[in-house]
*Asks:* 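Mind looking over this structure? Questions follow.
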Amino acid sequence: MDERTLDEIIGRYPYPSGRTLGILREVQIKEKHIPMDTLKLVSEKLDTPLSDLFSLVTFYSFFSLKPVGEHLITVCMGTPCHVKGAEKILQSIQEHLGLSGDSSDGKYLETTPDNKFTVEIARCFGACSMAPVLHVDGDLYGYVTPEKIPEILTRYGWKR
Amino acid sequence: MPVNGRKRMVTITINKNQYLAEEGEIFLLTAMRLKIDIPHLCYEKALDPYGSCRLCMVEVVTCGKTEMTPACTIKVHNGLEILTDTPEVIKHRNILFELYLAEAPKSEVIKEMAAKYGVTKTRFLKKIVHDDPLLGKCILCGLCVRVCSEIMGTCAINFINRGPFTVVNTPFYEHNPDCAGCAACARVCPTNAIVFEDTEKDRVMRSWSGTTVPMMTCSSCNKPFAPEKLMHEIQSRLDPQINEDIRNMCPECRRRYISRREMKIPIT
């Protein structure tokens with residue numbers, strides 16, 4: 001993110017209380033992730049230690065340090081979805097997209113090498129009646145089974 | 001109320017015995033002075049009590065009811081009644097030791113302390129500590145983070161991630177130019193998890209992603225003696241006259257220089 005855009009964002013937060021999260025949120029939405037250089041720039045401009053900002057960014061699951069791919073697949077891992085087999089859905093997606101499923105920071109967020117799909121997990125969408133659910137770029141899919149995964153992925157340009 | 005600058009002495013009851021104690025003192029310190037054994041890890045006198053290790057839990061009796069409270073956050077007042085060895089306290093402590101044995105499986109300090117209270121095994125899954133820069137000894141008490149920001153004002157390290165993935169390190173796990181190399185973090189660490197190394201020219205903070213701070217060499221004997229950034233920070237706060245006396249010398253050379261000057265021996 002260039003300095004002018006960042007200055008514009010910071011300018012919208014005249015009061016010190018609570019502005020850090022607001023600014024970082026806008027950066028995340030605009031860039032789809034928090035670039036390292038931008039975080040360093042924010043730290044300089046707000047006169048906040050970089051370690052504090054990094055701590056915040058790694059704490060909240062909303063922020064991501066890695067770029068997000070073209071399509072974002074969010075798999076619900078709330079209790080009802082878990083009971084209805086969300087674990088198997090996630091595994092199936094991982095197998096189809098060739099992702100490892102390893103996470104060293106506790107946030108599950110993985111992107112395919114061709115930068116086409118990013119898979120993340122969420123705690124609850126509030127659509128428990130349709131469990132298990134997932135959404136791709138905001139389109140909600142309910143009553144998902146591992147067999148339905150290839151069909152859903154094909155709609156977003158996935159090839160076997 | 002302090003009378004004539006002295007603290008008021010009050011009567012407190014610990015395990016049904018009465019003692020005299022200074023009003024306003026931290027209860028953990030009172031107990032330590034009275035040789036009443038309370039295990040603790042995260043108390044550091046340079047910082048405010050934080051109560052993060054939860055090991056110093058005792059029961060406070062108020063109106064016949066008891067309440068579990070960390071001893072380091074209790075201030076002594078008249079009529080304070082404390083129980084330090086009730087079955088509940090012991091049970092709490094033993095479970096905590098088991099959790100610590102799983103969290104920091106390589107820490108000798110934890111092992112020794114737990115063994116002293118009869119806990120040698122843990123029911124919990126031990127943390128896998130392969131390649132851990134903190135050697136599998138960190139208990140996440142936060143002393144290093146607090147000493148770095150509250151005392152030194154450098155904020156070089158902080159907590160990263162959350163829940164079971166929480167670690168302490170530098171931002172982006174890389175060399176942090178903010179670090180002054182004071183090693184206060186290593187000094188306050190209750191489990192000696194933080195490692196650093198002084199090489200010929202630099203101080204390398206091994207635990208903090210290899211953060212390297214150049215050392216200042218003594219202007220007299222040319223030996224490295226303190227991190228450069230730390231010395232500059234100290235010198236910026238000192239009186240110019242004192243700085244003049246220090247002349248970037250190591251403590252040994254400085255002592256020799258000043259004593260010779262005071263005794264009017266020619267300086268060679």
Side-chain angles (χ1 to χ4, degrees), chain A residues 1 6 16 19-21 23-25 27-28 31 33-67 77-79 82 87 90 100-110 119-124, chain B residues 50 52 103 125 127-134 136 138 140-185 194 205 207-211 213 229 233:
Chain A
M1 181 177 277
L6 186 64
R19 67 174 174 174
T20 317
L21 276 180
I23 291 162
L24 290 176
R25 181 180 164 270
V27 173
Q28 166 77 34
E31 298 278 308
H33 76 295
I34 308 269
M36 192 203 267
D37 300 333
T38 310
L39 197 68
K40 285 182 181 167
L41 210 58
V42 173
S43 143
E44 264 169 47
K45 289 195 185 289
L46 299 188
D47 198 20
T48 314
L50 182 64
S51 64
D52 285 4
L53 295 183
F54 191 69
S55 188
L56 271 183
V57 168
T58 53
F59 183 89
Y60 291 105
S61 56
F62 178 79
F63 300 118
S64 121
L65 291 164
K66 290 175 280 183
M77 280 286 170
T79 315
H82 182 82
E87 206 76 43
L90 185 65
S100 66
D102 291 335
S103 165
S104 57
D105 58 0
K107 289 183 195 177
Y108 181 76
L109 190 98
E110 256 196 312
V119 184
E120 65 163 4
I121 58 172
R123 281 307 155 195
C124 188
Chain B
Y50 199 56
S52 71
E103 171 81 24
L125 204 62
K127 206 172 188 176
I128 300 157
V129 288
H130 185 64
D131 281 350
D132 182 9
L134 292 164
C138 179
L140 298 169
C141 65
L143 271 183
C144 50
V145 175
R146 286 168 62 220
V147 84
C148 193
S149 76
E150 287 171 33
I151 306 268
M152 299 309 297
T154 32
C155 303
I157 47 169
N158 210 327
F159 292 109
I160 299 171
N161 303 330
R162 68 170 161 179
F165 301 95
T166 314
V167 290
V168 176
N169 216 320
T170 51
F172 299 101
Y173 303 93
E174 57 179 33
H175 162 86
N176 190 346
D178 290 348
C179 178
C182 66
C185 46
I194 298 158
M205 305 301 292
S207 297
W208 310 138
S209 318
T211 293
V213 191
K229 234 189 125 183
E233 176 65 31

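Chain letters run A, B, ... following the sequence lines, proteins first and then strands; every chain starts at 1. As the structure is a prediction and not an experimental result, all values here were calculated from the model.
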*Asks:* By a 4.5 Å heavy-atom criterion (distance strictly below it), what part of A:Leu56 contacts chain B: side chain, backbone, both, or neither?
*Replies:*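 For A:Leu56, neither part sits under 4.5 Å from chain B.
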*Asks:* Heavy-atom distances under 4.5 Å only: say whether A:Leu39 touches chain B with side chain, backbone, both or neither.
*Replies:*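 The side chain, not the backbone.
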*Asks:* Check chain B and chain A for donor-acceptor pairs under 3.5 Å and report each one on its own line.
*Replies:*
| from | atom 1 | to | atom 2 | distance (Å) |
| --- | --- | --- | --- | --- |
| B:Cys155 | O | A:Ser51 | OG | 2.6 |
| B:Asn158 | ND2 | A:Asp52 | OD1 | 2.7 |
| B:Phe159 | O | A:Ser55 | OG | 2.6 |
| B:Asn161 | N | A:Thr58 | OG1 | 2.9 |
| B:Arg162 | NE | A:Phe59 | O | 3.1 |
| B:Glu174 | OE2 | A:Lys40 | NZ | 3.0 |

*Asks:* Given a strict heavy-atom distance threshold of 4.5 Å, which part of B:Ile157 is in contact with chain A: side chain, backbone, both, or neither?
*Replies:*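 B:Ile157 touches chain A through backbone heavy atoms alone.
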*Asks:* Applying ring-ring contact (aromatic ring centres under 6.0 Å, His included), name anything that partners A:Phe59, two or more places apart in sequence or on another chain.
*Replies:* none
